[in-house]
Each structure stands twice: as structure tokens, then as C-alpha cells.
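Quick caveat, the model's predicted, so the values are computed rather than measured. If you read the sequence from its start, that first residue is 1, and numbering goes on from there.
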Amino acid sequence: MKPINDCFLRALKREKTDFTPVWLMRQAGRYLPEYCETRARAGSFMGLAMNPDYATEVTLQPIDRYGLDAAILFSDILTVPDAMGLGLHFVAGEGPVFDHPVQSEEAVAKLYVPESDKELRYVMDAVTSIRKALNNRVPLIGFSGSPFTLACYMIEGRGSRDFRTVKTMMYQRPDLLERVLDVNAKAVATYLNAQIAAGAQAVQIFDTWGGMLADGDFQRFSLRYTRQVLDSLVRENEGEVVPSIVFTKGGGEWLSEIAASGCNAVGLDWTVNMTRARRVVEDKVALQGNMDPLALFGPEETIRAEARKVMDGFGMIGNGGHVFNLGHGINQFTPIENVQILVDEVHEYSRRYH
């Protein structure tokens, strides 16, 4: 069944829209006081993510507060490697850490594709619960990390500034890295298809670390496996098209190739010129983005001007093909009232064109 507000889905399909739809990466997060209160009750981040009731509650919080045009499943990109048995936990002040990083041939050989109905059942239960709670108000986005981005965390065992361990494997044993990526691609496709079956109405692949690869390496180790995922995705559910978005942070150099990967939309970070991006991809895919998240720390007139600059850069407002978003996740210290200013400006300004 179509959502009452299906503007986001129509924009991804490059159909005419009444206004430019807007959602924000990391829109359910620590900048919201209600999120912090729910997280305190849950006891931890994973306590939130692994409890469908809590995940539903925090997913809906920014929808209720701001009137955004899409909800995104509250979860984490590292649920997939955690389900492979790598032992995910979060360390205060450090972030995610794996007890069993994948740094040897033996560790690579042990990797497997988790069963979504078993190890990841809690995610699918959350998707089903969120869809029911949304009551068709707006679409629900499912997501996963890209095969390469997941591999970065799996091999390093934690976040990293330079990903020296994964790049060492890439240069010394590219065959090992490609085995990790192949398992990850199969796991991500299985995971996203299960989310779609549970009710996700669009999906986004977060290739957060693809942009730190050199040209040539990006195509071989990142885009190739993202394409493998896209080739395996279910494209229709409940009688409706399920659009896909690929977001590669730092991927401006490869817009044309990402657009040809089989996705419906390409997410842009804030370093990319929107007008140039549209010229590069032509009308092959929709574009999503791409205001600097830290512009939300400016005064009201600046926030409104920056939002208009993005929409003017895309052009042809109302003809579809543009989903407004930030160029990366919303910062945890963002003033909550500034987010409302942004959402209102996107809606009001784009409606004038219509």
C-alpha cells in the first residue's frame, strides 16, 4: 500500500512531486532529547537497536517532531558482521569494537552469510513494527553498510583514521580481501532483501569508506561489490517498486560510475557541486543530498540560504529526481530548533516552484 505521503518514493523514481522531500541521515540520534531519554531506558545503543519496541520508538521520534518525508530504520551498519560472530560491543569514547577481527586467512575462511530469520530476526521484527506504527504516513527506508565499508570495520576490528590494516591486506593479499567482500556482498543482499520482505519501501547502501580508496581500487574493491548487491536486490514488493540509494562519502570523482551501478539514486556528500552532479548523471538516476551538516549551526537566515542553494543547484524543482538530505549524518550537537527551520524551508521553498 502506498504511503499517504509518497513524495520521497516518487522523487526517487524521478516522477513529478508537489515539493522536494527531505529526510536526514542519522535523523534519530543523540541531538534529540527524546532519543537520549529512550536510550537511557534501553541502557545502551545495542539495547535500543536489538529491541524492536525501542527501535520503533526512536525511529518515529524525528517523524513526529519535524514532519520529515521518510523514516529510516533505527539500527547499525555493523549488525551484519556481528551476526557473523565477530563479537560487536561499544566502548565509551571509542565506538564499535569487534572481539574477533578478520585479520588472517583462517578468520576469513570462517566468515558466512547470516540467516536473517535467525541471527538478524530482531532487525526484521523492528521493520515490521515500525511499518505498523507509521500507519502509512511516510515510507520506511531500510539500509546496510556496503561490503567494503563493513570489511573496513571487520578487518580493523574498530574504527580507524587511515584503515592501515585493511589497506595492508588490500596490497599484500588482495585475494583475501576479495573473499571477505564476496561474503559481505552476499550477506548484505540477503539482509536487505529480508528488510524489504519485512516492509522496507526503499533501501540505502552506506559506502561510508569507499571514498578513501584510490581510483581503480574504488572500482575493484568497493563499487564492484556494491553492484553485486544491487544485482541481487528484490526490486518490487507489495506491488510497488522498491528504490535503492547508494551513498559513497567522498565519491564525487566516480558519480557517473556509481549512477550506472543499478541504483535508483546516488547520495552526495557536501563537497559535490549539485549542478555538476546532475549534469554528470543526466536523468539516469535521482540525486540525494547534500547540505553540509554543520551549516545547521548557523543562524536561521544562513540555514535557509544553504537549503535554497542546494535546491537551486539541482534545478527543475517539482519535476522529481531530488531528495533533500545532508551531505552526511546530522551532528549530535545540532540545535534541535535549527532542524525544524531546515525542514520548513525545504518544504516551503520547493512548493513555490510547484
Discussion item. For a 4.5 angstrom cut-off between non-hydrogen side-chain atoms, does Glu119 reach Tyr112?
Written reply: yes
Using side-chain heavy atoms (C-beta onward) and a distance below 4.5 Å, is Lys13 in contact with Asn264? no
For the pair Glu306 and Lys309, find out whether any cationic side-chain nitrogen is under 4.0 Å from an anionic carboxylate oxygen.
yes
Check your understanding: Just checking, is any N or O donor in the side chain of Thr149 or Ser146 under 3.5 Å from an acceptor N or O on the other one?
Key -> yes
- Task: Dump the intermediate steps for side chain to side chain donor-acceptor pair (under 3.5 Å) on Tyr122 and Thr79, then the final yes or no.
- Result: CA-CA 10 Å; Tyr122 67 93; Thr79 52; 4.8 Å; no
Determine whether the aromatic ring centres of residues Trp209 and Phe148 are separated by less than 6.0 angstrom. no
side-chain hydrogen bond (donor to acceptor under 3.5 Å, both in side chains) filter on Thr208, not counting sequence neighbours, yields none
Among the clusters formed by ILVMFWY side chains lying less than 4.5 Å apart, do Leu287 and Trp270 turn up in the same one?
no
ask   = Under 6.0 Å between ring centres, would you say that holds for Phe45 and Phe90?
value = yes
| Between Arg352 and Glu348, does a salt bridge (charged side-chain N to carboxylate O under 4.0 Å, His left out) hold up when you go through it step by step? | CA-CA 7 Å; Arg352 290 180 214 166; Glu348 292 165 9; 5.1 Å; no
- Start with the C-alpha gap between Arg41 and Glu57, add the side-chain angles, then the distance that decides, and say whether salt bridge (charged side-chain N to carboxylate O under 4.0 Å, His left out) holds. CA-CA 12 Å; Arg41 281 191 280 118; Glu57 187 176 324; 2.4 Å; yes
>> For Asp207 and Thr226, which I'm curious about, is there any donor-acceptor pair between the side chains at under 3.5 Å?
In response: no
Here the gap from His328 atom NE2 to Leu24 atom CG, rounded to the nearest 0.5 Å, amounts to 13.0 Å
Under 3.5 Å, is there a donor-acceptor pair linking the side chains of His347 and Asp69?
yes
TODO: May I ask you to say whether Lys2 pairs ionically with Glu238, meaning some side-chain N is under 4.0 Å from a carboxylate O?
DONE: no
Q) Can a donor-acceptor pair be found between the side chains of Tyr349 and Asp312 at a distance below 3.5 Å? A) yes
| said: Using a strict threshold of under 4.0 Å (side-chain N to carboxylate O), is an ion pair present between Glu34 and Arg39? | reply: no
Hey, is Arg227 close enough to Asp231 for a salt bridge, meaning N to O under 4.0 Å? no
Residues Glu115, Arg121; criterion salt bridge (charged side-chain N to carboxylate O under 4.0 Å, His left out); working and verdict = CA-CA 8 Å; Glu115 292 187 41; Arg121 180 73 255 169; over 6 Å; no
Exercise. Going by an N to O cut-off under 4.0 Å, is there a salt bridge joining Glu240 and Arg235?
Worked result: no
Between the side chains of Gln288 and Gln204, does any donor sit under 3.5 Å from an acceptor?
-> yes
Should Phe218 and Tyr171 be counted in the same cluster of Ile, Leu, Val, Met, Phe, Trp and Tyr side chains packed under 4.5 Å apart?
yes
From the list Asn51, Thr56, Asp53, side chain to side chain donor-acceptor pair (under 3.5 Å) with Ser129 holds only for Thr56
Identify every side-chain donor-acceptor pair in residues 194-202 under 3.5 Å, counting partners at least two apart or on other chains, and give the distances.
from   : atom 1 : to     : atom 2 : distance (Å)
Gln195 : OE1    : Phe143 : N      : 2.9
Gln195 : NE2    : Phe143 : O      : 3.0
Gln201 : OE1    : Leu140 : N      : 2.9

